[in-house]
Amino acid sequence: MTAIWLLKTEPDVFSIADLKACPGGRSGWDGVRNFQARNRLRDDMREGDPVLIYHSSCATPAIMGEGLVVSAPYPDPSQFDPASDGHDPRSTHAAPRWFQVDVQFVCSYSHPITLKQLKANPEFADMELVLRPRLSVQKVTERQYQLIQRLSQANGATA
DNA sequence: GCCAACGTTGGC
DNA sequence: GCCAACGTTGGC
């Protein structure tokens, strides 16, 4: 069963353009350090799942485009690196605490969908992004996904 | 296992 | 930079 996800990232740290610029447009999605997000990533994400990529903590928070999960979940290497911000001394190779997947860039929306827009649209009133904005790995329904794709094309045509 | 203290996130 | 929300930690 394919699930659709929304992954948050801070563009100052790693933007969708950075993902696109990676070799093959592909990168490990490291740095998830929240247990609920970790559980979803580790237990529920599957290779082939679509992901929406969202920019947070920036001037205009917005869904910027799409990617694809292109690996099974595996331990986040940064947890073992003492020099990394993601280092976790409680992690061992036998019992890693944090996981990641590889994400492949698919497209950037010519018209990103802003958080403001989502909040203003009743269709998205029950979207996790609106209800629980801090969770970094979010579920997106098929309906929300289709609406977002449609909006990303319609956006700007009338604005 | 509760709960207070503390730290982090993220919109504004 | 502020502040509200909320996740995590640690003492008991």
Side-chain angles (χ1 to χ4, degrees), chain A residues 3-22 27-45 49-67 69 73-103 105-141 143-145 147-152 154-156 159:
Chain A
I4 304 156
W5 306 95
L6 180 145
L7 297 175
K8 292 194 304 181
T9 185
E10 297 184 28
D12 291 348
V13 179
F14 189 81
S15 70
I16 190 167
D18 293 329
L19 176 63
K20 186 180 183 179
C22 284
S27 175
W29 201 268
D30 64 4
V32 172
R33 292 294 181 274
N34 165 284
F35 290 110
Q36 189 170 4
R38 187 278 312 268
N39 291 346
R40 288 181 167 185
L41 200 155
R42 183 190 60 188
D43 303 335
D44 299 334
M45 269 196 179
D49 286 352
V51 299
L52 300 174
I53 294 169
Y54 176 82
H55 282 181
S56 68
S57 293
C58 56
T60 307
I63 298 171
M64 301 304 294
E66 298 179 24
V69 176
Y74 61 98
D76 178 342
S78 68
Q79 70 193 305
F80 305 119
D81 177 3
S84 168
D85 283 348
H87 180 239
D88 188 337
R90 291 163 295 191
S91 286
T92 64
H93 287 274
R97 285 162 61 91
W98 308 112
F99 287 75
Q100 68 181 44
V101 292
D102 290 345
V103 173
F105 172 84
V106 171
C107 69
S108 285
Y109 292 153
S110 53
H111 303 291
I113 297 158
T114 64
L115 179 60
K116 190 178 172 186
Q117 223 182 322
L118 293 170
K119 283 183 170 174
N121 187 335
E123 288 282 1
F124 298 108
D126 60 351
M127 191 173 183
E128 277 200 330
L129 190 65
V130 174
L131 296 177
R132 303 191 50 205
R134 292 183 48 173
L135 189 58
S136 59
V137 176
Q138 307 206 355
K139 293 180 181 177
V140 178
T141 67
R143 177 179 175 81
Q144 289 162 353
Y145 184 51
L147 275 168
I148 285 161
Q149 288 182 317
R150 201 186 314 159
L151 284 171
S152 74
N155 238 1

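Within every chain, numbering begins at 1; the chains are lettered A, B, ... in the order of the sequence lines, protein sequences first and strands thereafter.
Applying the side-chain hydrogen bond (donor to acceptor under 3.5 Å, both in side chains) test to A/T141 and every residue at least two apart in sequence or in another chain returns A/Q144. In this structure A/D30 satisfies the side chain to side chain contact (heavy atoms under 4.5 Å, CB included) test together with A/D76, A/S78, A/Q100, sequence neighbours excluded. With sequence neighbours excluded, the residues satisfying side chain to side chain contact (heavy atoms under 4.5 Å, CB included) with A/S57 are A/E10. The side chain to side chain contact (heavy atoms under 4.5 Å, CB included) check on A/V106 picks up A/E66, A/L68, with sequence neighbours excluded. Residues meeting the side chain to side chain contact (heavy atoms under 4.5 Å, CB included) test with A/S91, sequence neighbours left out: A/Q79, A/F80, A/D88, A/R97, A/W98.
For the segment residues 90-100 of chain A, the set of residues with a heavy atom within less than 4.0 Å of an atom of DNA chain B is empty. Of the residues in residues 118-130 of chain A, A/K119 come within less than 4.0 Å of DNA chain B through at least one heavy atom, sorted by number.
Within the structure, side chain to side chain donor-acceptor pair (under 3.5 Å) contacts touching residues 128-138 of chain A (residues at least two apart or in different chains) are A/Q36-A/R132, A/R40-A/E128. Applying the salt bridge (Lys or Arg N to Asp or Glu O under 4.0 Å) rule to pairs touching residues 109-124 of chain A yields A/E123-A/R143, sequence neighbours excluded.
Shortest non-hydrogen contact noted between A/I148 and A/I113 is O-CD1, 3.1 Å.
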Under 3.5 Å, which protein N or O atoms sit close to an N or O of nucleotides 4-9 of chain B? Give each pair with its distance.
from, atom 1, to, atom 2, distance (Å)
B/dT8, O2, A/R134, NH2, 3.1

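Judged by distance alone, with hydrogens and angles left aside, the side-chain atoms of A/S152 form no donor-acceptor pair with the main-chain N or O of A/Y109 at under 3.5 Å.
Remark: of the listed residues A/V140, A/D44, A/V103, A/D44 is the sole one forming a side-chain contact (heavy atoms from CB on, under 4.5 Å) with A/W5.
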